[in-house]
Structure formats: C-alpha cells, structure tokens
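Just so it is clear: chains get the letters A, B, ... in the order the sequence lines come, proteins before strands, and each one is counted from 1.
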Amino acid sequence: MDCLLGIVGKDFVLTATDTSAARSITVMKKTEDKSRNLNKHIIMLYAGEPGDTVHFAEYVQRNVRFYEIKNGIELTPEAASKFTRRELANSLRSRKPYSVNLLLAGYNVKTEVPQLYWIDYLGSSVEIPFGAHGYGAYYCLSIMDRYHHPELTLDEAKVLIKKCIDELKTRFTMNLADFKIKVSDKDGIREITV
Amino acid sequence: MARRYDSRTTIFSPEGRLYQVEYAMEAISHAGTALGILATDGIVIAAEKKVTSKLLEQTASSEKVYLLNDNVICGVAGMTADANILINYARQAAQQYLFTFNEEIPVEQLVQKLCDLKQGYTQYGGLRPFGVSFIYAGHDAHFGFQLYHSDPSGNYGGWKATCIGANNASAKSLLKQDYKDEITLKEAKELAVKVLSKTMDSTTLSSEKLEFATLNLNDEGKVLYHLYKPEEIDTLLKEHNLGGTNESEEK
C-alpha cells in the first residue's frame with residue numbers, strides 16, 4: 001500500500017514516498033517515483049488506483065505547464081491545488097471517477113511561504129502543516145504531532161522523517177523498500193537522503 | 001474599388017486589409033473620449049460622456065467606466081450595446097478563472113480572453129466586428145498596476161498612458177508631453193482632467209459630461225475601485241480650476 005508523507009518547515013516543504021511497486025504478492029519494482037514535479041517549486045505525490053494515478057498526475061502536470069507557457073508566470077501552490085481539487089470534484093460526478101489521493105507540496109516564491117495540501121479522491125482539499133496518505137498515516141501522524149513545530153529546520157525535518165520511516169519499517173507489515181525524499185524551497189526541488 | 005471587399009468581415013482586400021475592422025475603428029473615433037494614466041500608486045480612468053442631459057439619472061447607470069472584477073476596471077469607447085456584451089463576457093471569464101484557481105485572474109490574461117473573442121469576429125462567423133475599444137486598468141500580484149488598450153481587431157498593448165475615442169491623437173500627444181514615469185495618482189488625476197478639458201468639444205467641463213474613476217490599494221493592500229460621484233468630480237474640477245459647476249462661472 002502506497003505511503004505518502006509531507007512536512008512543512010520554516011521555509012521549505014519535505015516530502016517522502018515509498019518506492020515499492022507491487023501487485024498482489026509480487027513486487028515489480030523497488031525504485032518507483034510516486035511523484036511528479038508540476039513546476040519549479042511544486043511537487044505532487046500520488047497514490048491510489050494503478051493507472052488512474054499516473055494518468056491524473058500527468059494530466060495536472062501538463063495543464064500546469066501549459067498555463068506557465070501560455071501566461072509566462074508560475075502557478076502558486078494554492079492555485080495549483082485549487083485547480084487539482086476542481087478536476088477531482090468534476091471527475092467524481094462523471095461516469096468513472098479518478099481514484100487518486102494526493103499530497104501537493106510547494107514553495108510560494110511571491111509570498112515566501114511553504115505550503116502543503118492534502119487532497120483525496122472525493123475532491124476534499126485542506127492545507128496542513130504535515131500529513132500522510134495510506135496506511136502510513138496510522139503510524140506516522142502521531143510521530144509528526146509530537147515533534148513538528150512551525151519553525152522546523154531542514155535538519156530537524158530530516159530527523160523527523162527518518163523517525164517516521166523507521167517506525168514503518170518496524171511496525172508495518174509490508175516491506176516498503178526505500179523511501180524517496182524530496183525538498184522544495186526557494187531554490188527549487190531537489191532529492192535528498194536522510 | 002474598396003467597395004467590393006468591405007461588405008464581409010472574413011475576406012481580405014487585395015492590399016491585405018480588413019475593411020470591416022477598419023470601419024469599426026472609424027466608428028470608435030466618433031465616440032466619447034476615454035483616457036487612462038498609470039501612476040506608481042494607482043491608475044486613473046477619465047471619460048467624456050456623449051449622452052448628456054439634465055434628465056439623465058446620473059447615479060443609475062454607467063456609460064463609460066465599468067467594473068470587471070475585484071481587481072480590474074475598464075473604460076469604453078464606441079457602441080455601448082456592443083460594449084455591454086463584451087463586458088459581460090469578461091466578467092464571466094474572470095469568475096470562471098476564480099472558480100478554477102480560487103485567485104483573481106491576472107490582468108493580462110483577462111485582456112487576452114477578450115481580445116481572442118474580438119479576433120474571432122474578424123476571421124469567422126460572418127458577423128461584424130465589435131465596434132468598441134477598451135482601456136483596462138487593473139492590479140495583480142505578478143506585475144502590480146497595469147494599463148492595457150484593445151481595439152476591434154483583437155490587438156492589445158500595455159501602456160503607461162493612452163487614449164481612445166474622439167480626439168485621441170491630440171490627447172495622446174498631450175499625455176506624451178506631460179507624463180513622467182514617477183507620476184503619482186494625485187498628479188495623474190490632475191493630468192487626466194487637464195488633458196480632457198483641452199480635447200473635449202465643449203467649452204467647460206462639468207460632472208454631467210464626465211465619468212471619472214481611480215484604482216489603487218487601500219491600507220491593507222486590497223484593490224480599491226473608486227467611481228467618482230458627480231459632486232466629487234465637481235470638487236476635483238474646482239481644485240484645478242477647470243469648471244465644475246453647471247453654470248459656467250470660470251474659464
């Protein structure tokens with residue numbers, strides 16, 4: 001079961017996803033990237049129905065890119081999340097809705113504020129300081145509750161995410177392989193190790 | 001010779017011109033003047049009303065200046081009925097953007113939407129172009145205060161100060177002389193009424209003949225649109241000794 005994690009720090013957002021792609025009893029791949037970069041500062045993590053996930057994520061990615069080329073300006077994380085939510089809400093009332101849960105993490109360069117949005121397949125969206133999708137939420141939210149604070153530095157965030165990953169390795173039944181960890185801040189998106 | 005090529009919008013003439021579009025612009029050059037001036041801390045739009053009468057209910061309707069959304073206003077020159085259609089379209093487009101992105105539409109994007117519509121009427125459908133030019137004044141977080149002008153062909157440009165309608169050429173040259181890049185809103189208001197007074201047909205200005213609006217930010221950084229009431233226009237005119245009463249006492 002896919003695990004998506006996100007944490008907002010004082011001037012960055014940190015995201016983590018497991019990298020295991022499995023169907024039933026077989027693990028097909030242990031190095032899957034369950035995210036798409038929407039633009040220079042926004043990462044979208046996805047989980048849910050196989051096929052729907054990548055299809056929807058790339059649809060949003062292409063639309064965000066189109067907006068930027070057409071209008072010459074970057075979409076803010078808030079605007080991108082509202083657009084994404086609107087698409088999921090419309091999909092819900094169609095013949096076959098997308099079954100995709102998302103975490104949208106971004107850095108707003110105009111206001112210099114990092115933001116994280118939790119969006120689910122029913123089209124609910126909420127801005128959060130930290131959050132998770134999937135079974136991982138049951139284990140990690142309490143750890144994030146305990147150690148998160150608004151002025152979190154990158155080093156503190158790395159320690160926190162490692163605590164979450166270690167907990168999952170200890171207590172979660174599935175072997176979740178490695179985690180891919182990304183950071184978005186004023187300089188853009190980069191992958192890091194903890 | 002031109003007669004053969006001007007009855008349908010959707011054909012070029014041998015010289016490569018679209019006569020219907022040009023005739024539309026000719027119609028606008030007979031309409032009441034509207035001008036816009038971009039200042040460092042706001043924008044002014046001032047316009048001359050063509051339909052003036054003591055019987056007209058001034059507070060009820062606007063003829064020249066309209067609100068498009070929370071951060072954009074526009075001034076109109078040309079056929080009012082055509083303008084109403086386009087303004088309604090622009091208002092809907094702005095709300096559609098708000099519906100999708102939950103933020104106000106950037107000014108240039110709203111201008112482009114209108115211009116794309118206007119261009120359509122010069123290329124297909126067999127319908128005549130809209131006989132309206134607009135001056136758009138707006139503010140957004142990306143580029144601050146902006147002033148744009150669009151015409152029936154669907155072209156648009158960003159301006160520091162511009163003018164449409166009757167006598168727009170002489171108004172533009174006056175603006176060119178007196179405009180400076182660091183102009184404040186207060187100075188821009190003065191410049192607007194001065195230029196209008198020189199280019200309008202009538203001898204004195206009064207609030208009956210003018211529509212006047214400003215766009216600026218309030219103390220909390222929100223966009224403030226102020227459409228001047230007739231008394232406020234009179235006060236402004238008196239301040240700069242340009243009339244301001246129905247009886248012509250001065251100048």
**Q** Are more than 12 heavy atoms, taken from residues, nucleotides or ligands other than B/I85, located less than 6.0 Å from that residue's CD1 atom?
**A**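 No, the 6.0 Å shell around CD1 holds no more than 12 heavy atoms from other groups.
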**Q** Going by ring pair (Phe, Tyr, Trp, His ring centres under 6.0 Å), name the residues that satisfy it together with B/Y228, two or more places apart in sequence or in a different chain.
**A**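 Only B/F212, B/H226 meet the ring pair (Phe, Tyr, Trp, His ring centres under 6.0 Å) criterion with B/Y228.
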**Q** Side chain, backbone, both or neither: which part of B/F143 has a heavy atom under 4.5 Å from chain A?
**A**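 B/F143 touches chain A through side-chain heavy atoms alone.
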**Q** Please indicate whether B/K180 has more than 12 foreign heavy atoms, meaning atoms of other residues, nucleotides or ligands, lying under 6.0 Å from its NZ.
**A**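 Yes, the 6.0 Å shell around NZ holds more than 12 heavy atoms from other groups.
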**Q** Taking everything shown except A/F179 itself, do over 12 heavy atoms lie less than 6.0 Å from its CZ?
**A**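 Yes - once you tally the heavy atoms of other residues, nucleotides and ligands closer than 6.0 Å, there are more than 12.
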**Q** According to the salt bridge (charged side-chain N to carboxylate O under 4.0 Å, His left out) rule, which pairs have a member within residues 121-150 of chain B, sequence neighbours left out?
**A**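 Checked against salt bridge (charged side-chain N to carboxylate O under 4.0 Å, His left out) - neighbours excluded - the pairs reaching residues 121-150 of chain B are B/D82-B/R128.
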**Q** Quick check on A/E87 against chain B: is it the side chain, the backbone, both or neither that has a heavy atom closer than 4.5 Å?
**A**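 Contact with chain B: none, neither part.
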**Q** Is the CG atom of A/N90 crowded by more than 12 outside heavy atoms at less than 6.0 Å?
**A**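 Enclosed: over 12 neighbouring heavy atoms sit under 6.0 Å from CG of A/N90.
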**Q** Take atom NZ of A/K186 as the centre, draw a 6.0 Å sphere, and report whether it contains more than 12 heavy atoms from other residues, nucleotides or ligands.
**A**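 Open.
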**Q** Which of residues 28-57 of chain A have a heavy atom under 4.5 Å from any heavy atom of chain B?
**A**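 So no residue qualifies.
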**Q** Non-hydrogen atoms of chain A under 4.5 Å away: do they reach the side chain of B/E108, the backbone, both or neither?
**A**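 No part of B/E108 comes within 4.5 Å of chain A.
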**Q** For A/F83, does the CZ atom sit with more than 12 other heavy atoms under 6.0 Å from it, leaving out its own atoms?
**A**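 It does: A/F83 CZ has more than 12 such atoms within range.
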**Q** Using non-hydrogen atoms and a 4.5 Å limit, figure out which bit of A/T76 sits close to chain B: side chain, backbone, both or neither.
**A**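 The side chain, not the backbone.
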**Q** For A/Y67, check ring pair (Phe, Tyr, Trp, His ring centres under 6.0 Å) against everything at least two apart and list the hits.
**A**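 B/F101.
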**Q** Check whether any side-chain heavy atom of B/P106 lies under 4.5 Å from a side-chain heavy atom of A/I73, and answer yes or no.
**A**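 Touching, per the 4.5 Å side-chain cut-off.
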**Q** Work out which heavy atom in A/K110 is nearest to a heavy atom in B/A141; give both atom names and the distance.
**A**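 Closest approach of A/K110 to B/A141, heavy atoms only: CE-O, 3.3 Å.
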**Q** How far apart are the closest heavy atoms of A/R86 and B/T100, and which atoms are they?
**A**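 Here A/R86 and B/T100 meet closest at CB-O, 4.4 Å.
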